[in-house]
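As a basis for the values below, the full set of heavy atoms in this structure was taken, side chains included, without hydrogen atoms, waters or symmetry mates.
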Amino acid sequence: QVQLVESGGGSVQAGGSLRLSCAAYGYTVSMYCMGWFRQAPGKEREGVAGIDSEGSTTYADSVRGRFTISKDNVKNTLYLQMNSLKPDDTAMYYCAATYSREYSCPALVAITPTPPVRYWGQGTQVTVSS
């Protein structure tokens, strides 16, 4: 049984920082692609960042330079460091993971609104006030 459990969401003022974590149970983070997606009210789910089994990273244009994705293979945990947060970053953030190599990790992160990802976390809310 694979389970992804996010934590670290919360409320912050614009310009602030948050660090999201995603603990993976029954799944090895060294497998192919893990990523973060987000969905704001009334909007489609979109990819934020991804990291593949070799550590290569990809980012959405809207977050590049502000967000950093990383993983700890020993702790089986995925992270998303979010700096210089903006009100537009307000959304439910979801951790996702897949074994499949049908798509490259960057391609997977770019698919919206329904990326073909097998495993999803329950989500953690991020709210950025102006």
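Residue Arg45 holds its CZ atom at 9.5 Å from OG1 of Thr112, rounded to the nearest 0.5 Å. For the atom pair OG (Ser70) and CG (Leu78), the distance works out to 7.0 Å, reported to the nearest 0.5 Å. To the nearest 0.5 Å, atoms CG (Asn73) and OG (Ser53) are separated by 9.5 Å.
Using a 4.5 Å heavy-atom threshold, the side chains of Val128 and Met82 count as separate.
Residues Val117 and Ala96 come closest through the heavy atom pair CG1-CB, 3.4 Å. Minimum heavy-atom separation, Tyr94 to Gly123: CD2-CA, 3.6 Å. Residues Thr77 and Ala23 approach most closely at OG1-CA, 4.1 Å, considering heavy atoms. In plain terms, the two heavy atoms of Gly35 and Ile69 that are nearest each other are CA-CD1, 4.2 Å. Nearest heavy atom pair, residue Pro87 against residue Ser130, reads CG-CB, 3.9 Å. Between Pro116 and Ile111 the shortest heavy-atom distance is CD-CD1, 3.6 Å.
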Run the side-chain contact (heavy atoms from CB on, under 4.5 Å) test on Lys75 and Ser21 for me, step by step, so that the C-alpha distance in whole Å, both residues' side-chain angles and the decisive distance to 0.1 Å come before the verdict. CA-CA 11 Å; Lys75 295 182 179 180; Ser21 299; over 6 Å; no

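In terms of hydrophobic clustering, with Ile, Leu, Val, Met, Phe, Trp and Tyr side chains grouped at heavy-atom distances under 4.5 Å, Leu80 and Met34 are assigned to a common cluster. Under the 4.5 Å side-chain heavy-atom criterion for Ile, Leu, Val, Met, Phe, Trp and Tyr, Met92 and Leu4 are members of distinct hydrophobic clusters. The hydrophobic cluster containing Leu85 also contains Val48, counting ILVMFWY residues as joined when their side-chain heavy atoms lie under 4.5 angstrom apart, directly or transitively. Connection of Leu108 to Val2 is not established within any shared hydrophobic cluster, with ILVMFWY side chains joined at heavy-atom distances below 4.5 Å, either directly or through further cluster members.
Between the side chain of Tyr32 and the main chain of Cys105, a donor-acceptor pair closer than 3.5 Å is present. Between the Glu6 side chain and the Gln122 main chain, a donor and an acceptor come within less than 3.5 Å of each other. Not one N or O on the side chain of Thr124 forms a donor-acceptor pair closer than 3.5 Å with the backbone of Ser7. Looking at Trp36, its side chain does come within 3.5 Å of a backbone N or O of Tyr79 through a donor-acceptor pair. No donor-acceptor pair closer than 3.5 Å links the side chain of Thr127 to the backbone N or O of Thr90. Using a distance-only test at 3.5 Å, with no hydrogens or angles considered, no donor-acceptor pair links the side chain of Gln81 to the main chain of Thr68.
Under 4.0 Å is where a charged nitrogen must lie from a carboxylate oxygen, and between Asp89 and Lys86 no such pair does.
Taking the six-membered ring where tryptophan is involved, the planes of Phe67 and Tyr93 are tilted, since the angle between them lies from 30° to 60°.
Environment of CD in Gln125: crowded, with over 12 heavy atoms of neighbouring residues, nucleotides or ligands closer than 6.0 Å. Residue Arg64 places its CZ atom among more than 12 non-hydrogen atoms of other residues, nucleotides or ligands, all under 6.0 Å distant.
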